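A quick write-up on the structure given underneath.
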Amino acid sequence: MKNSVVIGISGGSGSGKTTVAENLVKQIGDEHILLIKQDYYYKDNSHLPLEERAKLNYDCPDAFDTELLIEHIKQLVAGKAIDQPQYDFTVHNRKPERIRVEPKRIILLEGILVLHDAELRDLMDIKVFVDADSDIRLLRRVLRDTRERGRTLDSIAEQYLKTVRPMYEKYIHPTKKYADIIVPKGGFNQVAIDILVARIKSYLMELEKVDG
Ligand SMILES: Nc1ncnc2c1ncn2[C@@H]1O[C@H](COP(=O)(O)OP(=O)(O)O)[C@@H](O)[C@H]1O
Ligand SMILES: O=c1ccn([C@@H]2O[C@H](COP(=O)(O)O)[C@@H](O)[C@H]2O)c(=O)[nH]1
């Protein structure tokens, strides 16, 4: 058995991925569970001015440094620490600093396209797709992006029509077929969360047995 178990949590923007992931961390306790957001692995676009960065497509596989993400997941599974990049949504760019992250038993990898790359999927022990209707996802995104990500209504509408919606149809929704578990009703689906918590606890018991 490996040192760690990897759980991928995917779904469209605003579907409730972060809410599910944070709920799992709360219920299991952060001693054993590490949350890695795919957002940290958006490519560094410091060479472009802010106005140009704001126009980029952030909803396609090319927007991410997947090679680095795969390398980091492999390192964590091998029991090694990583220097994780950080991301600032308000300026559409990586932060200059990295943070040292130590491995834990359970690695939760959450993001819109974590189920897209076959090599990344193969590292996962459980694959989850969080589902919510498109009007609900859009509404949540509008509220969150105006409150937390410094966006205007006009910029949200433009980005949604230009990239968010078409890329969801082209790249994100098709990855639902890879999921072991589909979580409907977004982030506060307590039954689905309880099932995942029970499975994670049984993984932790198996990993402890291996340790003796
Ligand atoms: N089932 C739900 N019911 C109501 N609000 C929800 C639900 N799931 C998530 N939210 C809210 O919607 C917003 C977006 O959820 P989040 O988990 O950040 O989505 P994602 O990570 O998929 O973009 C957050 O403000 C969150 O509290
Ligand atoms: O610089 C950026 C990077 C990403 N985005 C948008 O964020 C969402 C993904 O985050 P969620 O937390 O899953 O919603 C993605 O749809 C991108 O469009 C951005 O606007 N700017």
Side-chain angles (χ1 to χ4, degrees), residues 7-27 35-66 69 85-96 108-116 127-173 175-176 179 181-194 196:
I7 303 173
I9 303 185
S10 174
S13 174
S15 61
K17 304 178 295 296
T18 310
T19 308
V20 168
E22 287 176 353
N23 243 309
L24 293 175
V25 174
K26 205 157 56 181
Q27 297 205 28
L35 176 56
I36 304 279
K37 297 189 179 207
Q38 188 184 27
D39 296 340
Y40 300 151
Y41 293 83
Y42 272 115
K43 286 178 181 162
D44 183 14
N45 287 309
S46 307
H47 58 289
L48 296 172
L50 177 57
E51 315 82 74
E52 291 301 315
R53 292 201 300 269
K55 292 185 209 146
L56 295 177
N57 179 349
Y58 292 102
D59 291 80
C60 63
D62 266 3
F64 295 94
D65 186 350
T66 302
L69 175 58
Q86 303 296 301
Y87 199 76
D88 184 350
F89 283 97
T90 61
V91 293
H92 301 277
N93 210 6
R94 264 200 199 167
K95 293 182 183 174
L108 272 188
L109 173 60
E110 174 262 310
I112 52 172
L113 281 162
V114 297
L115 298 184
H116 181 265
K127 298 184 260 314
V128 179
F129 190 93
V130 182
D131 215 359
D133 290 341
S134 56
D135 56 342
I136 300 289
R137 283 188 278 110
L138 174 57
L139 196 60
R140 288 181 188 157
R141 184 169 169 122
V142 167
L143 294 173
R144 184 197 58 197
D145 284 7
T146 47
R147 287 173 186 158
E148 296 168 25
R149 295 189 181 176
R151 306 289 154 73
T152 61
L153 274 181
D154 281 354
S155 74
I156 295 168
E158 191 185 332
Q159 186 187 21
Y160 185 78
L161 293 175
K162 208 166 120 198
T163 52
V164 179
R165 185 171 69 168
M167 295 300 105
Y168 178 81
E169 297 302 334
K170 186 169 180 185
Y171 293 115
I172 301 169
H173 185 258
T175 67
K176 190 171 165 177
I181 298 175
I182 294 165
V183 178
K185 295 186 284 182
F188 296 118
N189 185 329
Q190 199 52 49
V191 173
I193 288 166
D194 288 347
L196 284 165

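Only a predicted model underlies this, so the values are computations on that prediction, with no experimental measurement involved. Order of appearance sets the numbers: ligands from 1, and atoms from 1 within every ligand.
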Could you check whether any heavy atom of [X] sits closer than 4.0 Å to an atom of ligand 2, since that is the contact criterion I want to use?
{"X": "Gln38", "answer": "no"}
{"X": "Met167", "answer": "no"}
{"X": "Arg53", "answer": "no"}

Could you find the nearest protein heavy atom to [atom] and give me its residue, atom name and distance?
{"atom": "atom 21 (N) of ligand 2", "result": "His92 ND1, 2.9 Å"}
{"atom": "atom 7 (O) of ligand 2", "result": "Arg149 NH1, 3.3 Å"}
{"atom": "atom 1 (O) of ligand 2", "result": "Tyr87 OH, 2.5 Å"}
{"atom": "atom 19 (C) of ligand 2", "result": "Gln159 NE2, 3.7 Å"}
{"atom": "atom 14 (O) of ligand 2", "result": "Ser13 OG, 2.6 Å"}
{"atom": "atom 6 (C) of ligand 2", "result": "Arg141 NH2, 3.7 Å"}

Considering only heavy atoms of [X], which atoms of ligand 2 have at least one such atom less than 4.0 Å away?
{"X": "Asp59", "answer": "15 (C), 16 (O), 17 (C), 18 (O)"}
{"X": "Arg144", "answer": "11 (P), 12 (O), 14 (O)"}
{"X": "Lys17", "answer": "13 (O)"}
{"X": "Tyr42", "answer": "3 (C), 4 (C), 9 (C), 15 (C), 17 (C)"}

**Prompt:** Quick check: does any side chain N or O of Lys17 sit under 3.5 Å from a backbone N or O of Gly11, one acting as donor and the other as acceptor?
**Reply:**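 Answer holds: yes.
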
**Request:** Mind checking the CZ-CD1 spacing from Arg141 to Ile136? Nearest 0.5 Å is all I need.
**Result:**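 Result: 15.5 Å between the selected atoms.
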
**Message:** Nearest 0.5 Å, please: how far is CD1 in Ile9 from NZ in Lys127?
**Reply:** 13.0 Å

Going by an N to O cut-off under 4.0 Å, is there a salt bridge joining [X] and [Y]?
{"X": "Glu22", "Y": "Lys37", "answer": "yes"}
{"X": "Asp44", "Y": "Lys95", "answer": "no"}
{"X": "Asp131", "Y": "Lys176", "answer": "yes"}

**Item:** Mode of Leu56 contact toward ligand 2 - side chain, backbone, both, neither (heavy atoms, under 4.0 Å)
**Value:**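 No part of Leu56 comes within reach of ligand 2.
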
Note, [X] side chain near [Y] side chain (heavy atom, < 4.5 Å):
{"X": "Tyr42", "Y": "Arg94", "result": "no"}
{"X": "Arg140", "Y": "Val142", "result": "no"}
{"X": "Leu108", "Y": "Leu35", "result": "yes"}
{"X": "Ile193", "Y": "Leu24", "result": "yes"}

Identify each donor-acceptor pair in which a side-chain atom of residues 56-63 lies under 3.5 Å from a protein atom, sequence neighbours left out, and give them as a table.
unit_1	atom_1	unit_2	atom_2	d
Asn57	OD1	Asp59	N	2.9
Tyr58	OH	Arg53	O	2.6

**Item:** Within 45° cone of Tyr160 ring axis and under 6.0 Å: Arg137 NZ or CZ
**Value:** no

**Item:** Validation row, ring centre Tyr87 to ring centre Tyr40 under 6.0 Å
**Value:**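 Centroid separation for Tyr87 and Tyr40: 6.0 Å or greater.
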
**Prompt:** Would you say ligand 2 has an N or O under 3.5 Å from any N or O of Asn93?
**Reply:** no

**Request:** Could you please provide the protein residues found below 4.0 Å of ligand 1 on a heavy-atom basis, arranged by chain and number?
**Result:**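 Gly12, Ser13, Gly14, Ser15, Gly16, Lys17, Thr18, Thr19, Glu110, Arg140, Arg144, Lys185, Gly186, Gly187, Phe188.
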
